[in-house]
Amino acid sequence: MPFRHIFAIALLAGGLAGTAGLVHAQGTDIVITRETGMKDAAKNAKAIKTALDAKADLTPVAANAQEIAAWGRKIPTMFPPGSDAGKTRALPAIWTHKADLEKHAGDLSAAADKLAVALKANDAVAAAAAFKDTGAVCAACHRSYRRPE
């Protein structure tokens with residue numbers, strides 16, 4: 001085989017390996033990003049629960065609910081093809097049931113938006129009900145798409 005063909009094959013193989021490495025790196029980064037987002041949502045929920053349990057002024061934690069709602073809007077972008085590699089608790093179904101994932105994420109945003117309104121109004125009864133609804137939406141998605149610990 002002429003040298004130029006061997007060189008071309010080597011370049012092609014190297015380019016493909018580099019592309020695979022890039023996809024793997026992006027997949028790893030997105031896994032870290034989505035894990036961080038999920039942990040942040042849990043921290044925000046905990047802050048809201050603490051305020052509800054303490055019967056405190058709820059207006060300061062309205063921002064926490066807004067962050068949960070914003071996270072819900074980002075969730076559909078957090079599972080691109082190839083991001084199933086590495087350490088992830090996401091079940092394989094999340095990549096094959098995108099429409100259902102988008103519905104769950106939309107439900108989360110809507111529930112958290114409703115929670116934020118109740119918290120801004122300092123309405124403890126409405127906030128408690130909206131918090132329960134928001135938690136139920138999270139749990140439903142996790143049952144479908146998350147490996148147990």
Side-chain angles (χ1 to χ4, degrees), residues 10-149:
L11 280 176
L12 179 60
L16 291 175
T19 302
L22 179 61
V23 169
H24 177 69
Q26 289 174 339
T28 301
D29 291 347
I30 197 78
V31 171
I32 292 167
T33 300
R34 72 177 176 240
E35 284 179 358
T36 300
M38 297 292 183
K39 288 176 184 176
D40 288 347
K43 287 177 190 173
N44 284 315
K46 184 177 181 179
I48 295 166
K49 177 141 178 44
T50 299
L52 285 167
D53 289 348
K55 299 186 185 337
D57 177 14
L58 300 175
T59 57
V61 293
N64 296 85
Q66 291 171 321
E67 287 184 32
I68 294 169
W71 172 243
R73 288 185 275 281
K74 288 180 186 175
I75 288 173
T77 67
M78 293 288 111
F79 298 91
S83 66
D84 56 343
K87 185 179 176 189
T88 178
R89 291 181 61 197
L91 291 170
I94 207 162
W95 286 273
T96 58
H97 296 89
K98 283 294 249 188
D100 190 52
L101 172 66
E102 289 171 1
K103 180 190 177 313
H104 281 297
D107 291 347
L108 174 61
S109 292
D113 282 337
K114 185 176 175 182
L115 175 58
V117 169
L119 294 167
K120 283 179 188 177
N122 202 29
D123 183 339
V125 174
F131 183 78
K132 183 178 177 183
D133 292 346
T134 303
V137 171
C138 288
C141 189
H142 286 182
R143 275 191 303 276
S144 298
Y145 299 115
R146 181 179 174 205
R147 286 183 178 89
E149 288 186 46

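Numbering of residues begins at 1 and proceeds along the displayed sequence.
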So, does Arg146 use its side chain to make a donor-acceptor pair with the main chain of Ala90 at under 3.5 Å?
-> no
Please name the pair of heavy atoms, one in Ala130 and one in Leu115, separated by the smallest distance, quoted to 0.1 Å.
-> CB-CA, 3.6 Å
Using the ring of each side chain (for Trp, its six-membered ring), is Trp95 parallel, tilted or perpendicular to Phe79, with breaks at 30° and 60°?
-> perpendicular
Nearest-0.5 Å distance, OG1 of residue Thr50 to CG of residue Asn64 | 10.0 Å
Can you find a pair of side-chain heavy atoms, one from Lys39 and one from Thr36, that are under 4.5 Å apart?
-> no
For residues Lys120 and Thr59, report the shortest heavy-atom separation together with the two atoms involved.
-> O-CG2, 3.2 Å
Minimum heavy-atom distance Arg34-Met78, with the two atoms named = NH1-O, 2.8 Å
NZ of Lys114 to OG of Ser109: how many Å apart, nearest 0.5 Å?
-> 14.5 Å
Going by heavy atoms in the side chains, are Thr134 and Ile48 under 4.5 Å from each other?
-> no
Got Lys132 and Leu52 here, is their nearest side-chain heavy-atom distance under 4.5 Å?
-> no
Would you say Lys103 and Pro76 make side-chain contact, with heavy atoms under 4.5 Å?
-> no
Could you walk me through whether His104 and Ile75 pass the side-chain contact (heavy atoms from CB on, under 4.5 Å) test, one step at a time?
-> CA-CA 9 Å; His104 281 297; Ile75 288 173; over 6 Å; no
Are Ser144 and His97 side-chain neighbours, meaning at least one heavy-atom pair lies under 4.5 Å?
-> no
Glu35 side chain near Arg89 side chain, heavy-atom distance below 4.5 Å = no
Heavy-atom pair of closest approach, residues Pro80 and Ile30 | CD-CG1, 4.0 Å
What heavy-atom pair brings Leu58 and Ala124 nearest, and what distance separates the two atoms?
-> CD1-CA, 3.7 Å
Rounded to the nearest 0.5 Å, how far does OG of Ser83 lie from CD1 of Ile32?
-> 12.5 Å
Listed once per pair and sorted, the salt bridge (Lys or Arg N to Asp or Glu O under 4.0 Å) pairs that draw on residues 46-56, sequence neighbours left out | Lys49-Asp53
Under 3.5 Å: donor-acceptor pair, side chain of Thr96, backbone of Ala93 | yes
Going through the distances and angles, do Phe131 and Leu119 end up as a side-chain contact (heavy atoms from CB on, under 4.5 Å)?
-> CA-CA 10 Å; Phe131 183 78; Leu119 294 167; over 6 Å; no
Please name the pair of heavy atoms, one in Ala112 and one in Ala69, separated by the smallest distance, quoted to 0.1 Å.
-> CB-N, 3.5 Å
Do Lys87 and Val31 come within less than 4.5 Å of each other through their side chains, counting heavy atoms only?
-> no
Please walk me through it: do Glu67 and Lys43 pass side-chain contact (heavy atoms from CB on, under 4.5 Å)?
-> CA-CA 10 Å; Glu67 287 184 32; Lys43 287 177 190 173; over 6 Å; no
Flag the pair Cys141 / Leu108 as yes when at least one side-chain heavy-atom distance between them is below 4.5 Å, and no otherwise.
-> no
So, the side chain of Thr33 versus the backbone of Asp29: is there a donor-acceptor pair under 3.5 Å, distance only?
-> yes
Are any side-chain N or O atoms of Asn44 and backbone N or O atoms of Ala65, one a donor and one an acceptor, separated by less than 3.5 Å?
-> no
